[in-house]
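Note sheet for the following structure.
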Amino acid sequence: MAKQISELKLGILGGGQLGRMLIQEAINYNLTTLVLDPDPDAPCKSIANKFECGSITDFDTVYNFGKKADIITIEIEKVNIEALEQLEKEGKVVFPQSRVIRLIQDKGVQKQFFKENDIPTAPFQLVNSKEDLLSTNFTYPYILKQRRDGYDGKGVMKINSIAEIENAFDAPSLIEELIDFDKEIAVIVARNANGDMKTFPMVEMEFNAEANLVEFLISPSTYPEDIQQRAEKIAINIASALNITGILAVEMFVTKDGNILVNELAPRPHNSGHQTIEGNYVSQFEQHLRSIFNLPLGDTRSINNAVMINLLGEKGHDGLAKYNGLEKIMAIDGVYVHLYGKKYTKPFRKMGHVTVVDQNRDHAIEKARYVQQTLKVIS
């Protein structure tokens, strides 16, 4: 681009915590940030140069917003694709490209993409309604996912028997074989417009079983080097096949017999990369900016062991957020708190995260467990 990065306007669709952390990095480059979000109190509101309250799924709203920016990016996939396609036709730069977002918006299309490109994934079948589940050959239990709009654990359910079909999603969905996995892992890969690519070290994740959300993340992984290299190679292959510009998070399973299967993709900064702010030489948020502005990609190596804890709203609490135990955890060395600026809490709502860094992996995990038990979001 002829203009310097500091002269450009970055439009971000979505004003949640991912947008907020992206803006916190953009400030370092004197970037002008414009944000569109339907929530008048979105986390980005107070730090964006210009905040617009409006629908990110409405054609006219997204189109008119996009015309004001030099580069448009997303922090959530549920956006109006047709508006982005029109903006691209008119010469606006949209990263990740609208065709990539369109593919990832539909989990069925995403799965077919894996199949066509020899990306290892769990066996699956597409269904149009819950009636289709009665004629499937999949053995119980299996996983049922809505093809569209599933987010943060929503739109996913386990079907244990024929009796549970009655309560299944009655919408276009996919059935997936239940994988007996050892651990969930993720690799984030960045690709700029020149085609340069870099992966962040593989991370290990633990999920909250009730909310189906990442609750605990450990970086770097201690899996054997060959598994880590295979996971990183899969992420690079997917980014190449998509020809994406930007950050891509690739969530995977390591099976009990050491195979790797891809679960889902996110074409944006992701929960599995929050620890990179303190734990790596470059954060996923800065790397996303470097990618979409076609700048040299940063050094992704880990500086230290880093454990990230998602700060979720406590069960039974719905109202103005209070953070119990904040002073206690801040008394510990290597603890970094990120609150997302959300005024109200509700059960399992992502209210912030805490990263613990330590030269000793076991100590980092021990401190993180203490943070998990001590810091509570209540109302």
Side-chain angles (χ1 to χ4, degrees), residues 57 76-78 102-116 119-186 204-217 249-266 270-272 310 312-318 345-351 372 377 379:
T57 57
I76 184 171
E77 293 93 280
K78 196 180 173 183
R102 183 182 282 284
L103 181 147
I104 287 170
Q105 275 184 345
D106 185 326
K107 288 186 173 71
V109 175
Q110 195 180 136
K111 277 286 207 177
Q112 286 169 321
F113 165 81
F114 295 155
K115 195 174 177 180
E116 288 162 13
I119 307 296
T121 192
F124 69 97
Q125 180 183 327
L126 304 184
V127 294
N128 290 316
S129 67
K130 65 182 182 183
E131 273 69 47
D132 289 354
L133 300 180
L134 296 168
S135 57
T136 178
N137 293 322
F138 271 62
T139 53
Y140 298 105
Y142 57 74
I143 300 297
L144 180 66
K145 294 180 179 179
Q146 283 185 308
R147 286 179 64 165
R148 302 184 74 84
D149 301 340
Y151 194 69
D152 273 353
K154 298 176 183 71
V156 179
M157 67 191 297
K158 188 176 171 186
I159 303 290
N160 293 294
S161 68
I162 194 164
E164 293 187 6
I165 290 175
E166 190 181 331
N167 301 315
F169 305 126
D170 199 15
S173 303
L174 66 92
I175 304 167
E176 201 172 69
E177 188 179 290
L178 184 66
I179 300 300
D180 182 24
F181 61 86
D182 184 50
K183 199 159 279 186
E184 295 206 39
I185 59 167
E204 299 170 17
M205 300 183 286
E206 288 181 17
F207 277 68
N208 178 304
E210 194 172 348
N212 197 27
L213 287 168
V214 176
E215 192 167 53
F216 205 76
L217 179 147
V250 183
E251 295 181 86
M252 297 173 260
F253 301 117
V254 178
T255 65
K256 297 279 172 67
D257 53 4
N259 286 325
I260 297 172
L261 299 174
V262 176
N263 181 23
E264 289 179 7
L265 308 177
H270 188 257
N271 203 174
S272 61
N310 264 336
L312 306 177
E314 287 293 302
K315 281 177 75 175
H317 290 268
D318 206 319
T345 185
K346 58 185 177 184
F348 303 119
R349 189 182 191 196
K350 287 181 184 172
M351 300 299 292
Q372 207 171 26
V377 188
S379 58

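Hydrogens, waters and symmetry mates are skipped; everything else that's a heavy atom, side chains included, is used.
Considering only heavy atoms from C-beta on, E204 stays 4.5 Å or farther from F216 through its side chain. Between E176 and N263 there is a side-chain heavy-atom pair separated by less than 4.5 Å. Using a 4.5 Å heavy-atom cutoff, the side chains of L134 and I162 are in contact.
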| said: What verdict does the side-chain contact (heavy atoms from CB on, under 4.5 Å) test give for Q112 and L126, after you've listed the backbone C-alpha separation in whole Å, the side-chain angles of each residue and the deciding distance to 0.1 Å? | reply: CA-CA 10 Å; Q112 286 169 321; L126 304 184; 3.5 Å; yes
| field | Verdict with reasoning, R148 to Q105, per side-chain contact (heavy atoms from CB on, under 4.5 Å) | value | CA-CA 6 Å; R148 302 184 74 84; Q105 275 184 345; 3.1 Å; yes
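Minimum interatomic distance between E177 and A122 (heavy atoms only, all atoms of both residues): O-CB, 4.1 Å. Among all heavy-atom pairs drawn from I165 and Y140, the shortest one is CD1-OH, 3.5 Å. Between N271 and K350, the shortest heavy-atom distance links the atoms OD1-NZ, 3.1 Å. Counting all heavy atoms, side chain and backbone alike, A171 lies closest to Q146 at CB-NE2, 4.0 Å. Listed here is the closest heavy atom pair of G316 and P347: N-CG, 3.9 Å.
Rounding to the nearest 0.5 angstrom, the gap separating the OG1 atom in T345 from the NE2 atom in H317 is 8.5 Å. Going from atom CD1 of I119 over to atom CD1 of I260 covers 12.0 Å, rounded to the nearest 0.5 Å. Remark: D182 CG to N259 CG distance equals 12.0 Å, nearest 0.5 Å. From R147, atom CZ reaches atom CG of N128 across 7.5 Å, with rounding to the nearest 0.5 Å. Atom OG1 in T121 sits 8.0 Å away from atom CZ in F253 (nearest 0.5 Å). With rounding to the nearest 0.5 angstrom, the CG atom of L174 is 7.5 Å from the CG atom of L144.
Put simply, the side chain of S173 never gets that close to the backbone of V127: no donor and acceptor are under 3.5 Å apart. Judged by distance alone, with hydrogens and angles left aside, the side-chain atoms of E251 form no donor-acceptor pair with the main-chain N or O of E184 at under 3.5 Å. For the pair Q125 (side chain) and T136 (backbone), a donor-acceptor distance under 3.5 Å is absent. Side-chain atoms of N310 do not come within 3.5 Å of backbone N or O of L312 as any donor-acceptor pair. Between the K145 side chain and the G155 main chain, no donor and acceptor come within less than 3.5 Å of each other.
Between Y142 and F138, the ring planes are perpendicular. Angles over 60° get that label, and only those under 30° would be called parallel.
A salt bridge does not link K130 with D170: every distance from a Lys NZ or Arg NE/NH1/NH2 to an Asp or Glu carboxylate oxygen is 4.0 Å or more.
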